[in-house]
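Only one structure is covered here, and it is reproduced in the block below.
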Amino acid sequence: MSNKSRFIYLDHAATTAVDPRVVEAMLPYFEHSYGNPSSVYRFAGQAQEALNTSRRTVADILGCTPKEIVFTGCGTESDNLAIRGVAWASRERGNHIITTPIEHHAVETTCHQLAEHWGYRLTVVPVDRHGMVDPDDIAQAITDETVLISVMYANNEVGTIEPLAEIGEIARKRGVHLHTDAVQAGGSLDINVDRLNVDLLSLSGHKFYAPKGVGVLYVREGTPLLPIQTGGGQEGRRRAGTENIPYIVGLARALELANDDRESEAQRLAALRDRLIAGVLGAIPDAFLTGHPTQRLPNSASFCFQGIDGEATLLQLDLAGIAASSGSACASGEAEPSHVLTAMGIEPRLALSSLRLTLGRENTAQDVDDVLGVLPDIVRKLRALSPLYPMPVSEA
Amino acid sequence: MYSETLIDHFQNPRNVGVIADPDGYAKIDSPVCGDLMEIYIKVEDDEIADVKYRTFGCAAAIASSSMATEMILGQPLEVAEELTDAKVAEALGGLPEAKVHCSVLAASALHAAIQDYYAKHPQSAKAEA
């Protein structure tokens, strides 16, 4: 294998490094143009201008008007604001919410809290074995009481891209608002809100080379929304609190950079992803690709390996200088198999073996080949230790 | 998160394998996280003459299995019976709180294999007592 001291980062779905061009764009707003955009004197105008420009940049990429953009503190906050905000504002009209079993916890937990504590009714439509939602299931779940549908754009664990435009068409016909958690899609897929037919869309800066701690919620004009964080009138009275100007500037710059070469970069990453998938499935027996074979994020490859535990694989990869991720995290003390994988019908023990490799801007074909150089041996070694591989006849 | 000793046992696990005709055998599931350990012992003159295992689980589970078997190999049964999860964890240089159940799995499996040996060998000293 190659030089052991090399570090290969293959966990871009977790977070990304801040692009130096983003840092550069942010820097003036810490020490120099530090004014509060709500202040009236001319000095604050620099911050106001930066805020307006950033909002316009993001709006242009989403294909919406600047006033439909709300800057938030993170993707989780955007999801919370979208779901709770629409649910609260629509309480008179209805109390029914539709979602899927593969959502990020930021959506899942928020929906469940509304159901458990605030009297909302929740319908969780199924997904198929690839993690794909059937728009017909959404259509059938809609009732006169339905106020919100929340379906993620692309899944964080398995990369499956959901048929949002179709779901959005159904939602619009029935007069129901559609929210999408586009946190994993931001920067790599088309996020034009009209093509996607969505009314609310969440983004998180640190997934596309902006810093952690800044997000976006797109809110289509006319969508009822009560703020969940109350106070001043910032962000069109939808999100109180002094705007985090340097981070907002950074997010806008990062989204702009990602958008500039989005299609060519997606193509490059998809080629690396396919090389990785083919290499893993070719070299490792009893390995399975999770998620959709073609409708998946260009940078995401996820697998299950019969008979081994995902965390053990991760640590072996880490010792070989490769940072990756698993759907299972025995570190929480209660290792539940991933809710995403089990919703797709993958049996719990196989789900515990999951490995997710997510590529990014700095990755090369050499990185992929280096992973392929060590992963088959790691799996072989762990399987030699495992009482579950080959499966005992009695359990097969 | 993990000590050097633990990493060493994870990367170079001792006593891995199966024994075709074991004197004692046990297969234990962790109720906490789905980990699974299978352990085989050979007993001669009331001593653990050989021990092998296979474990499905995280690094801490694998290292705990390795360390537990290393600690009891060649030891008299009564010494092996004294092995506790705390001793395994200590020998590994400590375990993160969330991983303590991994050492419990190793100790429980070992004790179950010794019990299996006594059950199958009622003439042994312990069974007569």
Side-chain angles (χ1 to χ4, degrees), chain A residues 1 4 286 304-321 323-339 341-342 346-355 374 377-395, chain B residues 1-19 22 25-40 52-69 92 95-106 109 112-113:
Chain A
M1 64 173 272
K4 270 211 164 188
D286 299 312
C304 282
F305 302 109
Q306 193 85 50
I308 61 175
D309 179 70
E311 201 226 286
T313 315
L314 289 191
L315 188 58
Q316 288 290 6
L317 283 171
D318 186 22
L319 293 166
S325 169
S326 170
S328 80
C330 183
S332 66
E334 268 181 77
E336 292 287 321
S338 144
H339 69 287
L341 298 177
T342 49
I346 295 173
E347 59 106 1
R349 229 172 212 147
L350 186 58
L352 286 174
S353 75
S354 65
L355 174 71
V374 297
D377 277 339
I378 288 172
V379 173
R380 197 175 307 125
K381 195 173 154 187
L382 290 172
R383 278 176 174 170
L385 290 174
S386 172
L388 296 175
Y389 192 87
M391 294 291 278
V393 177
S394 61
E395 285 185 36
Chain B
M1 175 171 176
Y2 291 134
S3 74
E4 273 179 41
T5 311
L6 189 148
I7 296 286
D8 176 43
H9 276 264
F10 171 57
Q11 287 206 288
N12 310 290
R14 283 62 144 173
N15 306 312
V16 174
V18 300
I19 296 174
Y25 167 80
K27 185 170 163 180
I28 300 280
D29 245 312
S30 166
V32 183
C33 68
D35 286 357
L36 179 70
M37 182 178 183
E38 193 174 50
I39 183 165
Y40 305 77
K52 295 282 184 216
Y53 74 90
R54 292 199 303 170
T55 293
F56 165 84
C58 64
I62 290 167
S64 294
S65 307
S66 170
M67 180 57 90
T69 56
L92 285 170
L95 282 173
E97 173 109 18
K99 295 292 184 179
V100 169
H101 67 271
C102 299
S103 59
V104 174
L105 175 70

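Proteins get letters first, then strands, A, B, ... in listed order; numbering begins at 1 in each.
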Do you know the tightest heavy-atom contact between A:Arg349 and B:Gly34? NH2-O, 2.7 Å

Report the option among B:Ala61, B:Gly17, B:Ala59, B:Ser30 that has the most heavy-atom pairs separated by less than 4.5 Å from atoms of chain A. B:Ala59

Side chain, backbone, both or neither: which part of A:Ile308 has an atom under 4.5 Å from a heavy atom of chain B? backbone

Smallest separation among heavy atoms of B:Phe56 and A:Pro387, with atom names: N-CD, 3.2 Å

Check A:Asp309 against B:Cys58 and note the closest heavy-atom contact, atom names and distance. OD2-CA, 3.2 Å

What part of B:Phe10 gets closer than 4.5 Å to chain A, counting heavy atoms only: side chain, backbone, both or neither? both

Contact part of B:Pro96 toward chain A, heavy-atom cut-off under 4.5 Å: side chain, backbone, both or neither? neither

Could you state the interatomic distance from CG (B:Leu6) to CG (A:Leu315), rounded to the nearest 0.5 Å? 8.0 Å

Quick check for you: to the nearest 0.5 Å, what is the distance between A:Leu385 atom CG and B:Met37 atom CE? 10.5 Å

OG1 of B:Thr55 to CG of A:Leu382, rounded to nearest 0.5 Å, is 11.5 Å

Where do A:Gln316 and B:Gln11 come nearest, in terms of heavy atoms and distance? OE1-NE2, 3.5 Å

